[in-house]
Amino acid sequence: MQFKRGALNNETLLSLYKSILLPRLIEEKMLILLRQGKISKWFSGIGQEAISVGVAEALSNDEYILPMHRNLGVFTSKGIPLEKLFSQFQGKQNGFTKGRDRSFHFGSKEHNIVGMISHLGPQLAIADGIALANKLLKNNKTTVVFTGDGGASEGDFHEALNVASVWSLPVIFVVENNGYGLSTPNSEQYNCNNFAEKGIGYGMDAYTIDGNNILEVYQTINKLKNEISLNPKPILLECMTFRMRGHEEASGTKYVPKDLMDTWSLKDPILNFEKFLLKEKVLTKTVIDNLKEEFKESISASWLKADQELETVSQKDLEITDIYKPFINKCVKPSTITKPLRLIDAISEGLKQSLQNHNNLIMMGQDIAEYGGVFKASDGFLDLFGKDRIRNTPICESSIVSAAYGLSINGFKSIMEMQFADFASSGFNPIVNVLAKSFYRWGENADVVIRMPTGAGVGAGPFHSQSNEAWFTHTPGLKVVYPAFPKDAKGLLISSISDPNPVMFFEHKALYRSISEEVPENDYTINIGEANLLSSGDDISIITYGMGVHWALEVIKEMTEISFDLIDLRTLIPLDKDMVFKSANKTGKIIVLHEDTMIGGFGSEISSLINEHCFENLDAPVVRCSSLDTPVPFSLNLEKEFLAKSRLKKQIINLYEY
Ligand SMILES: Cc1ncc(C[n+]2csc(CCOP(=O)(O)OP(=O)(O)O)c2C)c(N)n1
């Protein structure tokens, strides 16, 4: 191994040595504790420390770094206190996730570290969002994100690199090529000579370096950082190394040929660096021994303190409220000056006024800039707010959701427009695993609104018509808003954008241009979580939202012999249970109506809640009126039969006569 010290002085070399030694000694201790059953799983980075440490040491303290599961050296080099780190490993209250997440699944804003989620891939585009914020702030900062050679097979890798390249983002993608992804050798993971070759395809510079040589890593990152700060652009950096232990300790390394292990043990990053430093007379054997002793003592003392901390105790109420960042919406009353607006116009106005109110708000989506979005919600925005804030995106749903989270981490708000709600399935993972779980896991909110043009009734078939709100109501940590009228849509959208938590905002596209009402001209707010009683009666409660509200209004007009309570939920999560229960207790006959299919639909949840809380006052079983449990059909006749509306009247009569 060839070390070239270049202009590095003895002090820097010694400091790098200390930084690379510490994670090795911690790991050696952890491996003992693991065998004693004191910690759960352990993902070893032994043999790969030069990458974590070389990269982290080259970054300034205010530059973001996004490590993976073998990057203990990132955490130690960034000065994470050992005691807190060990509390984290033991699931203690004092850890970074208060016992809510394990090992390296945490970040620390204070240290500019964003930890991973298990799904590996989303990490890459979170870095895109952080880098985008840096680019917009023109602060010349670099962001570095890690992935393994296995994780790089995920679509997220492709999307993140593509977005970074199209947007010229100042981000370095470090691929730690350690030969294996769990038991799969990299020959079965990708079919090109090296990752540097892939850079060409993404239109970015790419390099392969020796990842076991700390000086090469450190100097390369320093050089690339200088380049990027003058000229923002992404870089793909492949660091060759080897995983010397099992994927996690219990899985062993039987499948790794012995000669590979032998070859790579000769390339140990610490032993070789030590040899070099002894030769350069930066270190002596005594200094090494003393340092090791000192580190071991400090590791043991910190471990002891963390170990003595009491076990985490659950506080149920806190567990439940701690999924959202606390927020009190500034109440802005609607002005008396109004004008008639269609749903789409009201949404557009809410977006526009929010962009005016929040200078740090970025809007992203496919075809939203020059074209104004496929439904024209952002028509004309480009001229008003410019290309930096109104951003066309490549067709990369997953990485744009992750990037929105990165923007949030770095101080921005964002709205992402899904072109159709159906395509949220392509960005599902970061919505439900990154955005939704973030505040609960490590106290970092996700200030993101995802707009979801949704619903059927327009003959658009199975992939442009789905009602998929229940995918998200089931995921703790998201708010789910679904207005049915222009006035509600504008006020709720303004509130959703102000809210620092992730909001899925559903807009029924068949209502965009088919309904209109007087809408206040100012930037008024409507509180998330408050339903609206649209009609008051004693016979039957119809509880619904979205298109269901309009179906119900139609039926109520026709069935004048029955008196109805009609509740427009407006928000599904959090749900206005008080209004639901009050109405159910009053009428005793309830029909829960929605356009979504029945099994597992949100109506089933409401039905169960009513059964649990209002049973004594019910005069009939709670009825669910939903669409057929099939995909949404294309032909209008099939679609008509599919939709809940076709069964609504009959179900009301049956319930009335029960
Ligand atoms: C989406 C997803 N699929 C599978 C896994 C299980 N898994 C965790 S780590 C891993 C191997 C990752 O390999 P690589 O990215 O090369 O990193 P390494 O472990 O070698 O450092 C696998 C398959 C996962 N966590 N997430």
Side-chain angles (χ1 to χ4, degrees), residues 23-24 27 30 40-56 65-75 101-106 115-127 144-161 173-192 194-195 198 208 211-212 217 236-257 260-261 264 269 397-399 401-402 425-434 436-437 441:
R24 173 69 60 94
E27 272 223 49
M30 291 304 127
S40 62
K41 285 194 171 205
W42 185 258
F43 298 91
S44 173
I46 284 184
Q48 302 183 210
E49 296 97 333
I51 305 169
S52 306
V53 175
V55 172
I65 187 163
L66 294 88
M68 296 300 288
H69 50 292
R70 292 189 207 288
N71 298 123
L72 173 62
V74 166
F75 295 88
D101 207 343
R102 70 183 196 188
S103 59
F104 293 108
H105 295 170
F106 75 93
M116 63 181 295
I117 67 160
S118 281
H119 298 62
L120 317 167
Q123 190 78 334
L124 293 152
I126 296 171
V144 178
V145 60
F146 290 75
T147 178
D149 46 287
S153 297
E154 288 186 50
D156 282 301
F157 175 82
H158 164 76
E159 288 195 10
L161 269 66
F173 298 99
V174 171
V175 180
E176 284 187 275
N177 193 342
N178 66 2
Y180 284 80
L182 216 154
S183 73
T184 305
N186 54 19
S187 59
E188 292 177 37
Q189 203 70 249
Y190 58 88
N191 190 17
C192 52
N194 53 50
F195 276 88
K198 297 196 184 200
T208 298
N212 279 22
V217 176
L236 177 56
L237 182 66
E238 178 184 29
C239 299
M240 299 309 295
T241 184
F242 201 72
R243 201 194 66 206
M244 298 303 294
R245 303 194 66 90
H247 167 66
E248 40 99 14
E249 278 308 297
S251 59
T253 51
K254 265 195 190 147
Y255 46 84
V256 181
L260 264 181
M261 281 289 188
W264 280 94
E397 283 79 5
S398 186
S399 69
V401 175
S402 298
S425 49
S426 294
F428 192 69
N429 182 31
I431 296 175
V432 300
N433 285 316
V434 177
K437 296 176 176 49
R441 289 174 54 241

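Note that ligands are numbered from 1 as they come in the structure, with each ligand's atoms numbered from 1 the same way. As a basis for the values below, the full set of heavy atoms in this structure was taken, side chains included, without hydrogen atoms, waters or symmetry mates.
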*Contact residues of ligand 1 (heavy atom under 4.0 Å), by chain and number*: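 Answer by chain and number: His69, Arg70, Ser118, His119, Gly148, Asp149, Gly150, Gly151, Glu154, Asn178, Tyr180, Gly181, Leu182, His247.
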
*Is there a side-chain contact (heavy atoms from CB on, under 4.5 Å) between Val174 and Val144 once you walk through the steps?*
CA-CA 7 Å; Val174 171; Val144 178; 3.6 Å; yes

*Run the ring-centre check on His247 versus Tyr180 and record whether the distance is less than 6.0 Å.*
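Judged by ring-centre distance (under 6.0 Å), His247 and Tyr180 do not meet the cut-off.
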
*For Trp42, check ring pair (Phe, Tyr, Trp, His ring centres under 6.0 Å) against everything at least two apart and list the hits.*
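With neighbours one apart ignored, the set is Phe89, Phe104.
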
*Do Phe75 and Phe106 pass the ring pair (Phe, Tyr, Trp, His ring centres under 6.0 Å) test, and can you show the C-alpha distance, the side-chain angles, and the key distance before you say yes or no?*
CA-CA 10 Å; Phe75 295 88; Phe106 75 93; 4.8 Å; yes

*Flag the pair Phe173 / Phe146 as yes when their ring centroid distance falls below 6.0 Å, and as no otherwise.*
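No; Phe146 has its ring centre 6.0 Å or more from that of Phe173.
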
*Output the distance between atom CD (Gln189) and atom OG1 (Thr184), rounded to the nearest 0.5 Å.*
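Gln189 CD to Thr184 OG1: 6.0 Å, rounded to 0.5 Å.
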
